[in-house]
Amino acid sequence: MQFLLICLLFSKSLADQYNINKTPFPDYFKFGAATAAYQIEGAWNEDGKGENIWDHFCHTRPKAVLNEDNGDIACDSYHLWERDIEMLKELGVNHYRFSISWARILPTGYTNVVSKEGINYYTKLIKELKRNNIEPMVTLYHWDLPQTLQDLGGWTNDIVVDAFVNFARICFESFGKYVRYWITVNEPFQVCHPGYGDGSLAPGLYSPGIGEYLCAHNLIKGHARVWRVYDDQFRDAQKGVISMAVHCGWYQAESNTTEDLEAAETKSQFVIGLYMHPIYLGDYPKVVKDRIAMRSEKEGFSKSRLPEFSEEEIEYIKDTHDFFGINYYSTYNVKAIAEPPIGEPSFEKDCGVFTYSPPEWESTQLSVMKNTPWGFRKMLKWIKDEYNSPEILVTENGIAIDEQYNDVTRIRYLKEHLSSVRDAMMFDDVNVTLYTVWSLLDNFEWSNGYTPKFGVYETNFSSPERTRTPRRSAKYYKHVATTHGIVWSQEN
Ligand code: BGC
């Protein structure tokens, strides 16, 4: 009893830390839920699907994933997609963000083989969503490059740009009639840094300070070409919008000293600006170009490790956006440090700052994702100021937490983050029009396997049916999506 009281008091005091904005979201505001192909579909080699880098990574380096989990079956959404749609209906959401598995549509990675089964799968899914008045929001690339392209260097080889454009064109031709929202690439930094820099995520290439910038360069070019193809050839008839979704952690200065403030800004430019500056403002951010060039020279390279865009490319890439897609999970502290010693190149040394999550901040199942709702508002304001007040769509936000019984922390997380978004809209005049919860259901959380629970629906991974059960947060989110109110009477 005493223990229960202490728990209650503790969770109450945490809940009190954040001042909830009680103003409901406006009528035009949209709510949805998100997933991604490799994380939910399973059926990794069914109906002619080709191998992708996540299949390959999990099968060839099983120890790189917690418990040696893999996405071979995942939530089995390839077979259970109708249940997923039922859940979206239960939630009363406007849109469903999911991704298309490139190798399911093009098993060889190229257009020489187009899988009828693959096209058929997404057509069924999209049509059924539309029939239920749920807008499909389709991500073209959520981290699952066909292995054939990886064998040639993946995103570090510019042949991938043409391949990506060809894949995108097939998707526009096949599904564009029904799709209003497209996302070219999910989280470019997470594709390039862990994928081609430190090697912690597929394809697991270790090339710090080199591979990751080559990846960034081609990925930005690929995004721009896909945007322009859509704009020139499809937009008039299909009337959709298309942009990138970027993982935006809020990098806050540890103190108000000029050095720490500058360090925090530098970090944001390296993680977010590296990708969004070319698309919004033209070319890489100055601080990123200057620092990499300066360090490359001292390290003995003949030119900067960051490739250069030509004047023509800068113009071509600029303005290839219709909205700003943001995935927000957490805030980090940043502190200025002395210039790191010259030696092996690395992204961290290029940034030249110290980034950390203070241990006293509330933890979640993932140590790099502390529960920090206040940073969301600051992040949104930063995007507004930095990129000329774009329309912002929250394409992901959620928490990994495993509370079987009452799910109070997830409910509080969602409530506080929604409140932070509402604050940004009301007090900072940020134009946010849509919010998407990550995730519809527990799924394969990349190198953390099935341990982190992000779903508002629980997935039972031990049952062959992958039974899905709503958590209490699903009920809370239904309340939000259907009433636009943040406060819920049944919260505790
Ligand atoms: C990714 C998701 C991932 C989520 C939680 C985002 O970085 O887009 O695929 O599951 O964060 O880590």
Side-chain angles (χ1 to χ4, degrees), residues 30-50 52 54 71-107 114-144 146 167-184 186 230 234 238 240-242 245 395-396 434 436-444 455-457 459 465-468 474 481:
K30 298 187 170 73
F31 291 94
T35 61
Y38 187 78
Q39 296 181 271
I40 65 160
E41 282 179 7
W44 79 278
N45 59 357
E46 257 178 70
D47 288 346
K49 177 183 157 291
N52 65 40
W54 271 95
D72 288 2
I73 303 176
C75 308
D76 201 17
S77 287
Y78 187 68
H79 300 109
L80 301 172
W81 58 276
E82 282 164 301
R83 171 69 183 123
D84 294 345
I85 296 184
E86 244 172 61
M87 285 144 55
L88 293 158
K89 280 160 57 185
E90 283 163 17
L91 290 175
V93 291
N94 298 100
H95 65 278
Y96 177 40
R97 180 179 172 219
F98 62 92
S99 76
I100 294 187
S101 158
W102 185 337
R104 198 178 288 292
I105 301 281
L106 304 179
V114 182
S115 160
K116 275 202 208 79
E117 290 86 351
I119 301 270
N120 189 23
Y121 171 66
Y122 294 107
T123 306
K124 281 187 306 195
L125 174 70
I126 290 171
K127 282 196 173 166
E128 189 59 14
L129 287 168
K130 289 296 268 192
R131 218 176 55 79
N132 287 289
N133 293 319
I134 302 167
E135 281 296 336
M137 178 187 265
V138 181
T139 310
L140 291 168
Y141 187 73
H142 202 125
W143 305 5
D144 48 359
F167 163 58
R169 188 178 281 114
I170 287 190
C171 292
F172 299 149
E173 283 165 359
S174 311
F175 316 118
K177 196 165 134 197
Y178 311 105
V179 177
R180 220 183 86 66
Y181 296 102
W182 291 100
I183 289 166
T184 52
N186 179 67
Y230 188 77
F234 295 92
Q238 302 186 349
V241 284
I242 176 161
T395 38
E396 282 181 33
L434 175 150
T436 317
V437 72
W438 184 273
S439 176
L440 175 61
L441 72 171
D442 297 338
N443 56 50
F444 178 77
V456 293
Y457 276 75
T459 311
E465 298 78 27
R466 296 295 191 270
T467 313
R468 289 103 152 104

Atom pair [atom1]/[atom2] of [X] and [Y] - distance to nearest 0.5 Å:
{"X": "Trp143", "Y": "Ser101", "atom1": "CH2", "atom2": "OG", "result": "15.5 Å"}
{"X": "Leu441", "Y": "Ile40", "atom1": "CG", "atom2": "CD1", "result": "6.0 Å"}
{"X": "Leu434", "Y": "Met137", "atom1": "CG", "atom2": "CE", "result": "4.5 Å"}
{"X": "Ile100", "Y": "Ile183", "atom1": "CD1", "atom2": "CD1", "result": "12.0 Å"}
{"X": "Tyr122", "Y": "Leu129", "atom1": "OH", "atom2": "CG", "result": "12.5 Å"}
{"X": "Arg466", "Y": "Asn443", "atom1": "CZ", "atom2": "CG", "result": "12.0 Å"}

Under 3.5 Å: donor-acceptor pair, side chain of [X], backbone of [Y]:
{"X": "Glu41", "Y": "Ser77", "result": "no"}
{"X": "Asp72", "Y": "Trp44", "result": "no"}
{"X": "Asn94", "Y": "Phe31", "result": "yes"}
{"X": "Asn132", "Y": "Ile134", "result": "no"}
{"X": "Ser115", "Y": "Ile105", "result": "no"}
{"X": "Asp442", "Y": "Gly455", "result": "yes"}

Can you label the angle between the Trp102 ring and the Phe167 ring as parallel, tilted or perpendicular, going by 30° and 60°?
parallel
Non-hydrogen atoms of [X] and [Y] that approach each other most closely:
{"X": "Gly71", "Y": "Tyr38", "answer": "N-OH, 2.9 Å"}
{"X": "Ala481", "Y": "Gly92", "answer": "CB-O, 3.8 Å"}
{"X": "Ser439", "Y": "Ala34", "answer": "OG-O, 2.8 Å"}
{"X": "Ala43", "Y": "Lys49", "answer": "O-CD, 3.9 Å"}
{"X": "Glu46", "Y": "His79", "answer": "OE1-NE2, 2.9 Å"}

Leu125 versus Asp84: any side-chain heavy-atom pair under 4.5 Å?
no
Answer yes or no: is there an ion pair linking Glu135 with Lys30, defined by an N-O contact shorter than 4.0 Å?
no
Could you go through residues 171-180 and list every donor-acceptor pair under 3.5 Å that involves a side-chain atom there, pairing it with any protein atom two or more places apart or in another chain?
residue, atom, partner, partner atom, Å
Ser174, OG, Ile170, O, 2.7

State whether a side-chain donor-acceptor pair under 3.5 Å links Thr35 with Tyr96.
yes
Trace of the side chain to side chain contact (heavy atoms under 4.5 Å, CB included) decision for Thr184 with Tyr141
CA-CA 6 Å; Thr184 52; Tyr141 187 73; over 6 Å; no
Going through the distances and angles, do Cys75 and Arg468 end up as a side chain to side chain contact (heavy atoms under 4.5 Å, CB included)?
CA-CA 9 Å; Cys75 308; Arg468 289 103 152 104; 3.8 Å; yes
Would you list the pairs meeting salt bridge (charged side-chain N to carboxylate O under 4.0 Å, His left out) in which at least one residue belongs to residues 86-100, sequence neighbours left out?
Arg83-Glu86, Arg83-Glu90, Arg97-Glu396
Go through the steps for Val138 and Phe98 under the test side chain to side chain contact (heavy atoms under 4.5 Å, CB included), then give the verdict.
CA-CA 5 Å; Val138 181; Phe98 62 92; 3.7 Å; yes
For Glu128, the salt bridge (charged side-chain N to carboxylate O under 4.0 Å, His left out) test, sequence neighbours excluded, returns Arg131
Residue set satisfying salt bridge (charged side-chain N to carboxylate O under 4.0 Å, His left out) with Asp144, at least two apart, ordered chain then number -> none
Contacts of Thr436 that satisfy side-chain hydrogen bond (donor to acceptor under 3.5 Å, both in side chains) - sequence neighbours left out:
His95
How would you list, by chain and number, every residue that makes a side-chain hydrogen bond (donor to acceptor under 3.5 Å, both in side chains) with Tyr121, sequence neighbours excluded?
none
